[in-house]
Structure formats: C-alpha cells, structure tokens
2 protein chains.
Amino acid sequence: MKNASVITVGNEILKGRTVNTNAAFIGNFLTYHGYQVRRGFVVMDDLDEIGWAFRVALEVSDLVVSSGGLGPTFDDMTVEGFAKCIGQDLRIDEDALAMIKKKYGQADLTPQRLKMAKIPPSCRPIENPVGTAPGLICAVGGKKVIILPGVPKEMEALLKAMEKDIIIPDTHYYDDSVIIADVMESAFAPYVDRIMKEFDGIYVKSHPRNVEVKNPELEIEISGFGEDEAALRKKIEDAIARAGEYAVKLGGSVKR
Amino acid sequence: MKNASVITVGNEILKGRTVNTNAAFIGNFLTYHGYQVRRGFVVMDDLDEIGWAFRVALEVSDLVVSSGGLGPTFDDMTVEGFAKCIGQDLRIDEDALAMIKKKYGQADLTPQRLKMAKIPPSCRPIENPVGTAPGLICAVGGKKVIILPGVPKEMEALLKAMEKDIIIPDTHYYDDSVIIADVMESAFAPYVDRIMKEFDGIYVKSHPRNVEVKNPELEIEISGFGEDEAALRKKIEDAIARAGEYAVKLGGSVKR
C-alpha cells in the first residue's frame, strides 16, 4: 500500500481565516487514486517550516502533495523551501518561462513574475490551465513530490491534469455508510471491532451525529482498498448490511 | 510571542471525507486569544502517529490543542497516544468518572464508557457541556496541552469553557482587509514588501480572487499583534489605507 502526505502552506489556514478545503480535496483525490493518506501538515509561509514539512513528509510517504505558496509575492516560498529541503538551487526552467511569458503576453517580466519560472532541476513544470504559476512534479529518490498553487480552482485543475502521474493501477478504494438510530456509540463500539474481524482488510468507523445519551444517531462508515473492484464493493456492502443487523439487535433502527 | 500548534486526529480528515473545520475554529480562537499558530498536524487514528504529533508539536509550541479521537470506540486513542508521548500511564480519574456516570445515569458502565474516565495524572478533566467525553487540560513541563473531542459542537463548547486557561492577557490580535481591482498580484507584490517596511510589526498578505491576467482582483489582508488594542487597530487601518493608495497609483481601484 502506497502512502501519501498532504502539505498546506499558508498563515491564513493556521489562523483559521481560510478553512483547509484544499487538503480535503487532495486527500480525497489521492485516496480514490489508491493511496493511504498518512499525514497532513499545515505550515507558515516560512522557508524553514516549509522545508521541515517536506523533509518529514518524505520520510513517511511515497507521494507528497503541497498546495499554497506558489505565486509572485515575497511570502510565496514553497518552491524555495522545497529546493532547500532537497539541497538543490533554483534555476530558470525554459519550459516554465515559456508558460509564464504566454500568460503575461506583452507585460513586463518583473522579478516577481520571473520567480515563478525558477524551479529545482528535479522538477518539471505543468502548465496551469486556470492561473499563472505552473504546478511542479518532482522526483526525489524514487518518491514523488507535487507542488500546487493555493487558489482552489487552479489547484484542482492542475491535480486533474497530473492524474496519470498519480494514479496507482489496480488499487481501488471504496466506502459506504449507514445511519443507525437509537444506539449509543458506546453501545455499538464492540460491534465496530467485531465487523472489522469478520471482514478482512476493511476499516469501520462510527461518527456520532447527535448527542450520545439522548436521541443518539450514528453514521457507520466502512471502507477499504482492493485490487478487484467488484469484490471490494461486495465486501463493503456486506459489512454495511451486517452493521445494520447489529444495530437492530441492539434495539436500534437503520435510517438509510 | 507565544506559539501554538493544532492537532486533528482522524482518518476521515486525511481522506477528505470531512473538511477540517475544527482546525480552523481552534486556530482562529487561539489567534484571537494571543497566540501565533505555528503548525497544524493531521494524523491517523493510530497510537504512534498521535504520539508523534504531540511530541513534535510540543517541541515548537507553548500550547498544543488537539481535537478528535476522544470517544468510546477502539479507534478513539488520542488520550492513550498522548500519555505514551509523555511517558505516563492512564488511570481512572475520580472527577472524570463522576462526569461519565452523570451522563449515562442508570446505563451500564461498559469498558468503552469507562475508557473515557482513564486519563494521565498530568491532566484534569473538564466537563463536556454537550456530549459525554470530558475535555482535558494537561501540564507538560511548563507547556500546556488541551485535548478536545472531534464533534464540532462539543469541541467548541469545551474550548469556550477553557477560555480562562488559554487567554494571554495584554496580547491582542487585529486584522482587516481591502479588496482592490484591476491590479495584478505580481504588480502589487513590491508594495506588499513596502507596506510591511513602513508599518512595524504588521503582516501583509495578498489573496488573488480572480484570474491574474484578466480582470484581476486582490484581497489585501493586513494583521498584527499588539499590547495596546487601540494603537494596534489604528496601525492596521492606516496600513489598509496605504494599500488602497498604492492600488490607485498602479491604476487600480478600491472596491471596499
């Protein structure tokens, strides 16, 4: 099973000014493309902090995807932080430069604009279909690093454009859930264990949706990875049905 | 300036099934209570991963706040992971036990329910005004760790209940922003630097709201911390006005 980590760069995320929807989008994309997402990092717009996140993420992951800090301003320093982490210098990449020039047309190539064409030699630029800063795909000793901008539309478009570099063939992910009423999470807890033992390789998690002790409602989420998509789907659906049976046995009911 | 880190525990966050609104709420609460939020961590429901996050967060932070993994199921292991990180054993806390008993009334004290009363000796329980699992405030060598449940309403209620343990007196935070139109982020970038030099101790960040090269729109966010609330506010507002002046100078306009 391949692991991935997701890095989000930006003080606005740490301060809670912006909710980290990018990490959710990327985490979901990676999961459905066959990765176990292992760790999420949110770091300040700071070279050392960015370098720290890439270094630690690479220690535990086959793929690291970052978003944020890729634009023209002084505090867009993700590429430099990553370069520092892998011990490379930035240099003008001709392909990246051509992409930037195309975007700005006749406008001056100011230092701030030129900055977006400076990348480490291990990276190749991918044209941004929405905004200006190219996304990067980088090779780091058999592992892969993907660097994306923070504007959600740009990040999403670039991630989709990189799909063939991300996908793990023959690894599928599937999940489904059932809502059960009138069973407390603490009462259902032993059955979470039991279902995980009855169906090999699945993951069961209960999400309380109401207050535990009065009018309890639980969402039972069951998920797993597998090579055979149809067999995986059947296993998850069988486990979902079993969860419903246990809920009824405990005096509860299945809401959907 | 005191630093804080925010830990979110839960596979559903990593997989992007749930957007991490908890980290945003906590980050915002801590910022407005005087902390520089330095790092965010998202980790799996796994003892070692949780222990890792607390250990690394404590290395760089005066205050660490976690949410998630505090309930009755097998994969609620935040307290155990934290205990392991600080080298303490869990033991039944009489106050926590009284809180749990009160919640469940006549219902059995199953192992899953009793689990929520087992905490490390360095922690004290705070009654959960909404759900069942108590929140924890822990002392770790002059630093503070706060452990909260993942259900947003419970997390928010507990965080507010702990306000007096969190707030840093005489440190205020203030931010404001201005929207400017028809100036590219790359054109405004040198003025971000300039404003930061003109007004001591403030932080300026530009957030592009449209596509850079056609019809550009920027939100200029200016923020800072200070001991004197009125002086801080005046400094930020003056810097906001200056940003508007530079936008006009560059041929743009101030939208609000």
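Convention: sequence-line order gives letters A, B, ...; per-chain numbering from 1.
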Tell me, side chain or backbone of [X] under 4.5 Å from chain B's heavy atoms, or both, or neither?
| X | result |
| --- | --- |
| A/Y173 | side chain |
| A/F25 | neither |
| A/Y32 | neither |
| A/V19 | both |
| A/P190 | both |
| A/V56 | side chain |
| A/T73 | both |
| A/T8 | neither |

Report the option among [options] that has the most heavy-atom pairs separated by less than 4.5 Å from atoms of chain B.
| options | answer |
| --- | --- |
| A/A4, A/S5, A/A24, A/G10 | A/A24 |
| A/Y35, A/F41, A/F29 | A/F41 |
| A/S206, A/G16, A/G105, A/A53 | A/G16 |
| A/D175, A/D46, A/V42 | A/V42 |

Choice from [options] maximising heavy atom contacts with chain A below 4.5 Å:
| options | answer |
| --- | --- |
| B/K115, B/Q112, B/R39, B/E221 | B/R39 |
| B/V192, B/D75, B/V151 | B/D75 |
| B/N20, B/V37, B/D193 | B/V37 |
| B/V43, B/T31, B/V60 | B/T31 |
| B/V6, B/T21, B/I13, B/N11 | B/N11 |

What pair of heavy atoms forms the shortest contact from [X] to [Y], and how long is it?
| X | Y | result |
| --- | --- | --- |
| A/A189 | B/P72 | CB-O, 3.9 Å |
| B/G40 | A/L14 | N-CD2, 3.5 Å |
| B/T110 | A/S186 | OG1-O, 4.4 Å |
| B/M44 | A/R38 | CG-O, 3.5 Å |

Could you state the interatomic distance from CG (A/D45) to NZ (B/K205), rounded to the nearest 0.5 Å? 3.5 Å

Roughly how far, to the nearest 0.5 Å, is OH of B/Y203 from CD of A/E12? 7.0 Å

Less than 4.5 Å apart, side chain to side chain, heavy atoms only: is that true for B/S223 and A/K15?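 When only atoms from C-beta onward are counted, A/K15 and B/S223 do touch, with a gap below 4.5 Å.
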
Could you walk me through whether B/H207 and A/R17 pass the side chain to side chain contact (heavy atoms under 4.5 Å, CB included) check? CA-CA 12 Å; B/H207 303 279; A/R17 186 180 192 277; 3.6 Å; yes

